[in-house]
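Just the heavy atoms: all of them, side chains too, but no hydrogens, waters or symmetry mates, feed the values below. Starting from 1, each residue takes its place in the sequence as its number.
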Amino acid sequence: MKKKLIYVFLITFILHSCGDDFASTPAVGALSPETLANPQGVNLLLTGAYSALDGTRNNLSGNGFAISGDNWWFDVWADDAHKGSTDGDQIELFQIETNDIQTSNPYFLGKFSALYGALNRTNAVLSVIAGIDRDALTTAEAAAITGQEAEARFLRGHFYFELTKIWGNVAIISVENFDAQEFNQPNPGPAWDQIEADFQFAIDNLPATQGDPGRPTAGTARAFMGKAHLYQGEFAQALTLLNTVISSGEFALAPEFLDNFTASGENGPESVFAIQFAADGGQSFNGNQGSTLNFPGGGPFGSCCGFYQPSIDLANAFKTDAAGLPLLDTFNDSDIANDYGVESAEPHTLEAGTLDPRLDYTIGRRGIDYNGFGEHIGKEWIRAGFNDISGPYLPKKNVYQMSELAANQGTGAWGQQHSGVNYNIMRYADVLLMAAEAAAETGDLATALNYVNQVRARAANSTPVQALDGSGPAANYLVAEYPSFPDQAFAIQAVRFERRVELGMEGHRLFDLRRWGVATQVMNDYFANESRTITNFAGKVAPYEARFDLSPIPINAIDLSGNVLTQNPGY
């Protein structure tokens, strides 16, 4: 495994937070700011800020699954995934999947408090830096402090971005507010000005390369700034920034699609910025605790708990036509062959039609090798019953490979899994597809075609999942590049579709649907289509409403703020 910047538990005065304010007032520590006012002390605080990327260090909800930095449960609110497991397990997440949205739901409070706790950590770093007399430092020390300030501001920009894309209306906690412990600030609107200011400082002051994997470069910050402009519909600005990242050569597509989801491939050429997880023995507190439920509820390594099951809708998106191109308008007219309602002892015939090979690196389906553990045998590996609304599939991207099990599996007393495999918050394929989207929106169809086809070419050239009998590919795989984009509308549709099949089950889908303004139509179509196979799905889910394009501000946070926070419309 490559060297990582490991996010460890530091000493209590750095990591612990308490108090009743919605953003959590940090505990008073034993060390003074003066003791920390040097590159070594700042780096300790900065490591604490990095550790907040996984969400587990600041959680007021008591729900350890709500805070995951990989945003997996937002896929459950979209059309990529079902909650999984049985309907009654984690009922609060079942409510989210079925659009019974409560402002008291601990999933919203957990994520909200984790992100504001993370902001407090970055402000703690910046507060100490603000008190340093740089004239008293050597040239090397001053340069180190500037770099650390840029890292802290990049992290703060990222956390504000996450808050903005989830809730829209965000309270800004400045360093001055932090120092005065004035955390209860109003949330009048998005934090785009703050996000752009932080990312710009990072662009201007981060180095071109970093010694430790996991620390951002100037190129990383530029990519995140491009994403911020894309989310605001500022396509020309986004395209300029993302083109600069692409032309720099700093990042590249990994040779194999699978490389993005293995320990051996982590921090490779495609990783723009990743949460650095590690399985370090026992329960692996540096592993991915927030996704601990998302492994087979049974299956090859005695895991728990059968959550985060890919949808039938997502699987259908990987169908291709005779030329190897996506079925943009008709992919969901029928379902690929699946074993929903079929016991493991009963026969099942695999899909014979042409499929994008990324399907079987994204979705675990019966009759196909499951990450090197052998044949996925169907229902016996699915915890849910046929009366639950979880479907026939298992996740694969978040589950380690059998060949890396010893190095990357962290476990606990009840079968929980704390994977040591990194989560890519952003990878280069995402950069290419964001640039393709910006190009399509500005009418540059040639650039959009080029970038989409780079992603598709990698899919075509990657080694497909192999048949269990060693006879060759496991299915009738066929994926090809687009010959052209005939018009702008087609280009936009193709880019959006490519984002789904490339980035499915990586926590992006809901936010894409929201920012495109299509979530209501897409989601309600999904409910109808999914119910063809999971017949009780439509009866359990309420329609998606436009108000869901912003998440509810947790009622607990509003109460703790003294009603300074304003609830989002419709809740």
Is a side-chain donor-acceptor pair under 3.5 Å present for N398 with D70? no

Between N71 and K111: side-chain donor-acceptor atoms closer than 3.5 Å: yes

Is a donor on one side and an acceptor on the other found under 3.5 Å between the side chain of Q521 and the backbone of V518? no

Indicate whether any N or O donor in one side chain lies under 3.5 Å from an N or O acceptor in the other, for S462 and R358. no

Testing the 3.5 Å rule here: is there a donor-acceptor pair between the side chains of Y544 and D549? yes

Of the non-hydrogen atoms in R514 and S551, which two are nearest, and what is the gap between them? NH2-OG, 3.0 Å

Using 30° and 60° as the class limits, which term best fits the ring planes of F331 and F497: parallel, tilted or perpendicular? perpendicular

For F511 and W77, I'd like to know if the aromatic rings sit close, meaning centre-to-centre distance below 6.0 Å. no

Taking the side chain from N529 and the backbone from D333, do they hold a donor-acceptor pair closer than 3.5 Å? no

So that I know where these two stand, are Y526 and F537 an aromatic pair - ring centroids less than 6.0 Å apart? yes

Can you find a pair of side-chain heavy atoms, one from R121 and one from S51, that are under 4.5 Å apart? yes

Can you confirm whether the side chains of Q90 and Y107 place a donor and an acceptor under 3.5 Å from each other? yes

Does the pair Q194 and V170 meet the rule for a side-chain contact (heavy atoms from CB on, under 4.5 Å), with working shown? CA-CA 10 Å; Q194 181 67 57; V170 176; over 6 Å; no

By the definition side-chain contact (heavy atoms from CB on, under 4.5 Å), identify the one residue from L359, D339, L394 that meets it with R365. L359

Closest non-hydrogen atoms of A279 and G410, given as atom of the first, atom of the second and distance, are CB-N, 4.0 Å

I'd like to know whether I166 forms a side-chain contact (heavy atoms from CB on, under 4.5 Å) with F112, so could you lay out the CA-CA distance, the side-chain angles of the two residues, the decisive distance to 0.1 Å, and finally the verdict. CA-CA 9 Å; I166 296 170; F112 192 85; over 6 Å; no

Does the side chain of D356 pick up a donor-acceptor pair with the side chain of T320 at under 3.5 Å? no

Provide the closest heavy-atom pair for A78 versus R509 in the form atom of the first, atom of the second, distance. CB-CG, 3.9 Å

Would you check if there is a donor-acceptor pair between the side chains of N332 and D313 at a distance under 3.5 Å? yes

If the plane angle is over 60° it's perpendicular, under 30° parallel, otherwise tilted; pick one for H418 and F285. tilted

Minimum heavy-atom separation for A491 to A440, with atom names? CB-CB, 4.0 Å

How about W167 and Y571: are their ring centres within less than 6.0 Å of each other? no

Distance, nearest 0.5 Å, that separates CG of L155 from OH of Y160: 13.0 Å

Whether E506 and R427 form a salt bridge (side-chain N of Lys/Arg under 4.0 Å from carboxylate O of Asp/Glu) is what I want to check. yes

Quick one: does NZ or CZ of K379 land under 6.0 Å from the six-membered ring centre of F386, within 45 degrees of the ring axis? yes

Aromatic ring pairing F301/Y400, orientation class (parallel under 30°, perpendicular over 60°, tilted between): tilted

N387 and side chain to side chain donor-acceptor pair (under 3.5 Å): which partner among N536, T535, T86, D87? N536

Charged N to carboxylate O under 4.0 angstrom, E162 versus K165? yes

Below 4.5 Å, heavy atoms only, C-beta onward: do Q185 and V564 meet side chain to side chain? no

Would you please test L433 and H508 for side-chain contact (heavy atoms from CB on, under 4.5 Å) and show each step? CA-CA 12 Å; L433 293 175; H508 302 292; over 6 Å; no

As an exercise, state the distance from NE2 of H158 to CG of L163, rounded to the nearest 0.5 Å. 9.5 Å

Counting N and O atoms only, with roles assigned by atom type, does the side chain of T292 sit under 3.5 Å from a partner on the main chain of Q416, one being a donor and the other an acceptor? no

Near-ring test F307/F65, centroid separation under 6.0 angstrom: no

Does Y116 reach the main-chain N or O of A171 with its side chain, forming a donor-acceptor pair under 3.5 Å? yes

Please determine if D259 and R458 form a salt bridge, counting it only when a charged side-chain N lies under 4.0 Å from a carboxylate O. no

From OH (Y370) to CD1 (I377), nearest 0.5 Å: 13.0 Å

Kindly indicate, with the supporting measurements, whether the criterion side-chain contact (heavy atoms from CB on, under 4.5 Å) is fulfilled by L258 and T262. CA-CA 7 Å; L258 180 61; T262 65; 3.8 Å; yes

Kindly say whether F295 contributes a backbone atom to a donor-acceptor pair with the side chain of S303 at under 3.5 angstrom? no

Taking atom types as modelled, is there a side-chain donor on D360 or Y477 under 3.5 Å from an acceptor on the other? yes

When you check the gap from the basic side-chain N to the acidic O, do D80 and R500 get nearer than 4.0 Å? yes

Please report the closest heavy-atom contact between S85 and D388, naming both atoms and the distance. O-CB, 4.1 Å

Strictly distance-based, threshold 3.5 Å: is any side-chain N or O of E404 a donor or acceptor partner for the main-chain N or O of A263? yes

What pairs with R515 under salt bridge (Lys or Arg N to Asp or Glu O under 4.0 Å), at least two apart in sequence or on another chain? E437, D512

Has N424 got a side-chain atom pairing as donor or acceptor with N422's backbone, closer than 3.5 angstrom? no

Note: A191 and I172 closest approach over all heavy atoms is CB-CD1, 3.5 Å

Spatial distance of atom CD1 (I553) from atom OG (S561) [nearest 0.5 Å]: 9.5 Å

